Amino acid sequence: MRPSAPGSLAWQRLQELADAGVGRDLPALFNSDRERESRYTRSAAGLRFDFSRQRITDDVLNELTALAEVIELPKRIAEMWRGDRINTTEDRAVLHVALRQDAGDAIGGAAIEAEVLAERERLLKFADSVREGAAFDHVINIGIGGSDLGPKFVVSALASGVRRSTPKIHFVSNVDGCSLVALLERVDPRRTLFIVCSKTFTTQETMSNATLARDWLVSKLGESAVAQHFVAVSVNEPAMDRFGIAPDRRFKMWDWVGGRFSVWSSVGLAVAVALGSKGFRRLLSGARELDRHFVEAAAPSNLPFLMGALGVWNIHFQKLASLAVFPYSESLALLPSFLQQLEMESNGKSVTREGDSLGWPTAPVIWGGGGNDGQHSYYQALHQGTVSAALGFVIAKESTCGKPTLQQLANANAAAQIEAFAMGNASDDPQRRHAGSRPCSVLLMNAVTPETIGALIALYEHKVFVQSLIWGVNAFDQFGVELGKRLWAGFASGELQPISTRLLSKAFD
Ligand code: F6P
């Protein structure tokens, strides 16, 4: 049985430090240590992680980094890279890192490397043909969860770098069909390519939207058009057969890739069309650089480890039940919703890998949105309310739309908010008093590029892995989503009867 962090001496000491209120007075900590910001900042792969406004001291940091030994982090990382079946509950390897490997890296072994590289070349060749060719004006990605959120975040983050002539990329996920219907009203069937993106090819939302799109296309161009206007990404060959996806229009997924970790695979086809093969390779290289850092850096300077351990400090020892993520670049606006799946579907667990009940909190509620918008909406509650939240600011120095002065304005706003959250003010008027000492991290990048976006996503993926090791949970399964799906299927087939049929009735009376 693996050693779990909560039973360790380091954990006990962290509890003692927390009980003693260590690190809770940020203004005092900053006033007594002019070097605090530089001492608690680390960099890697074009990202700078400033955690000086976390409620920590050197003692807290030492005990947090001691957890890396408790969980035997290097050994765990080696198991993942080797392709060991660390997804114990599904008896699968976890090899999303293999998807961004370079020739010779042999992550997961030579056979996996060869398969990944061959499929990547096939995917990128096809993506470039769509991007360079004149056949399509619109590419519609039909998928949900990991088959939607990752590619959608990356395409929107890097949209400003996308050439005008590139087909327009759209994402459809909701089963109510409205976004698809609205799209179909304005695209020409002869010039539209559909990507059915579904690891299982059984997800009802995706299959329902894909069928709606297929029926629309067939009604316009006939059955034979399906082979030209549909491609699919899945592990499920028989289902792709049934749907009518042409063999040369199928792109591989593997069971050792979790949906929420899959943007590097063929699930990233829409990204590859938007960025081209060169841009997609840059995305992979940014993630690879962060991977190398994760493998090589010692815990005290290891960004994913520090981000993970500080997250545990906040939810467990500071009792902060949520993490709010605030990007200050519009191009990163979809980051919070991407992280909601990555973090909450991974570590939203209450039993250990072995199935024992946990006695400690795990994944926080991840929420957030554009920082500037938040300032004029829910920041009031974060400044003066009783909301329990740790804060994560994500800032890009350069503008992604050629407006440097306005980006400086946005970042100056972020700086002011970070100061207010950390330092507060000691106003005599209680209505205008800010308690301050709101723990926040600041993640900085010079520019939003394929490399920094690759590194950013890899950082959060490894943070999630680190936290799962500290909490003793399996980050790579998601059995909790199955009950709702089974009940839906049972209600739909009539095999199951819900407590009340009111919700299923055609009209609510
Ligand atoms: O229901 C949750 C989930 O299984 C996610 O883990 C996954 O990313 C999403 O649904 C979509 O699954 P698929 O790619 O198989 O359609």
Side-chain angles (χ1 to χ4, degrees), residues 87 89-96 99 119 123 140-155 171-177 179-180 194-214 230-243 245 250-271 334-349 362-363 366 457 460-461 464-465 468 473-492:
N87 175 358
T89 53
E90 295 182 311
D91 190 26
R92 290 177 179 166
V94 174
L95 279 172
H96 46 276
L99 295 166
E119 191 64 9
L123 182 88
I140 302 179
N141 186 88
I142 301 177
I144 199 162
S147 298
D148 169 73
L149 292 164
K152 188 159 65 183
F153 166 57
V154 176
V155 168
F171 292 90
V172 166
S173 58
N174 191 328
V175 76
D176 74 1
S179 59
L180 181 56
F194 294 98
I195 304 173
V196 185
C197 204
S198 176
K199 179 178 174 182
T200 56
F201 227 71
T202 59
T203 304
Q204 39 123 345
E205 294 89 345
T206 302
M207 300 329 292
S208 159
N209 279 320
T211 306
L212 179 68
R214 189 184 195 289
F230 275 86
V231 300
V233 177
S234 183
V235 295
N236 190 343
E237 290 288 336
M240 288 192 278
D241 286 343
R242 286 192 294 277
F243 192 92
I245 304 292
R250 301 176 188 192
F251 295 96
K252 273 198 186 140
M253 255 289 261
W254 293 273
D255 72 359
W256 41 257
V257 184
R260 52 192 177 274
F261 300 90
S262 67
V263 69
W264 327 100
S265 71
S266 306
V267 165
L269 175 54
V271 176
L334 294 183
L335 179 62
S337 56
F338 170 72
L339 293 177
Q340 281 176 330
Q341 186 199 19
L342 181 63
E343 303 216 16
M344 298 176 76
E345 198 175 72
S346 296
N347 288 330
K349 314 279 167 65
T362 53
I366 305 286
I457 298 176
Y460 283 110
E461 289 178 345
V464 159
F465 179 44
S468 74
V473 301
N474 177 7
F476 304 109
D477 62 17
Q478 56 285 322
F479 294 118
V481 302
E482 299 307 328
L483 177 58
K485 293 180 184 177
R486 274 202 311 280
L487 290 175
W488 170 80
F491 297 163

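Order of listing sets the numbers, starting from 1, for every ligand and every atom in it. Because the structure is predicted, anything quoted here is derived from the model rather than measured.
- Of the residues V233, L269, V267, the one that meets the side chain to side chain contact (heavy atoms under 4.5 Å, CB included) test with L123 is L269.
- Distances between N or O atoms of V481 and those of ligand 1 include no value under 3.5 Å.
- By the criterion of a heavy-atom distance under 4.0 Å, both the backbone and the side chain of T200 are placed next to ligand 1.
- Formation of a donor-acceptor pair under 3.5 Å by the K349 side chain with backbone atoms of D477 is found in this model.
- For the atom pair CD1 (I366) and CG (L335), the distance works out to 10.0 Å, reported to the nearest 0.5 Å.
- From the protein, the heavy atom lying nearest to atom 14 (O) of ligand 1 is S147 OG, 2.7 Å.
- Polar contact with ligand 1: present for S198 (N/O pair, distance under 3.5 Å).
- Interatomic distance, C197 SG to D148 CG, rounded to the nearest 0.5 Å: 8.5 Å.
- In this structure a side-chain-to-backbone donor-acceptor pair under 3.5 Å is missing from E345 to Q478.
- For atom 9 (C) of ligand 1, the closest non-hydrogen atom on the protein side is I144 O, 3.6 Å.
- With hydrogens left out, the protein atom closest to atom 12 (O) of ligand 1 is T203 OG1, 3.4 Å, a heavy atom.
- Among all non-hydrogen protein atoms, the one lying nearest atom 8 (O) of ligand 1 is G146 N, 2.8 Å.
- Looking only at distances, a side-chain donor or acceptor of N347 sits under 3.5 Å from a matching main-chain atom of V464.
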### Task
Show your working on side-chain hydrogen bond (donor to acceptor under 3.5 Å, both in side chains) between S265 and S262 and close with a plain yes or no.
CA-CA 5 Å; S265 71; S262 67; 4.6 Å; no
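- Distances from ligand 1 to the non-hydrogen atoms of M253 include no value under 4.0 Å.
- The protein atom (non-hydrogen) at minimum distance from atom 6 (O) of ligand 1 is E345 OE1, 2.8 Å.
- If you check the side chains of W264 and E461, you find a donor sitting under 3.5 Å from an acceptor.
- Using a 4.0 angstrom heavy-atom cutoff, K485 counts as in contact with ligand 1.
- Those atoms of ligand 1 that come under 4.0 Å of a heavy atom in Q341, given as number and element, are 5 (C), 6 (O), 7 (C), 8 (O).
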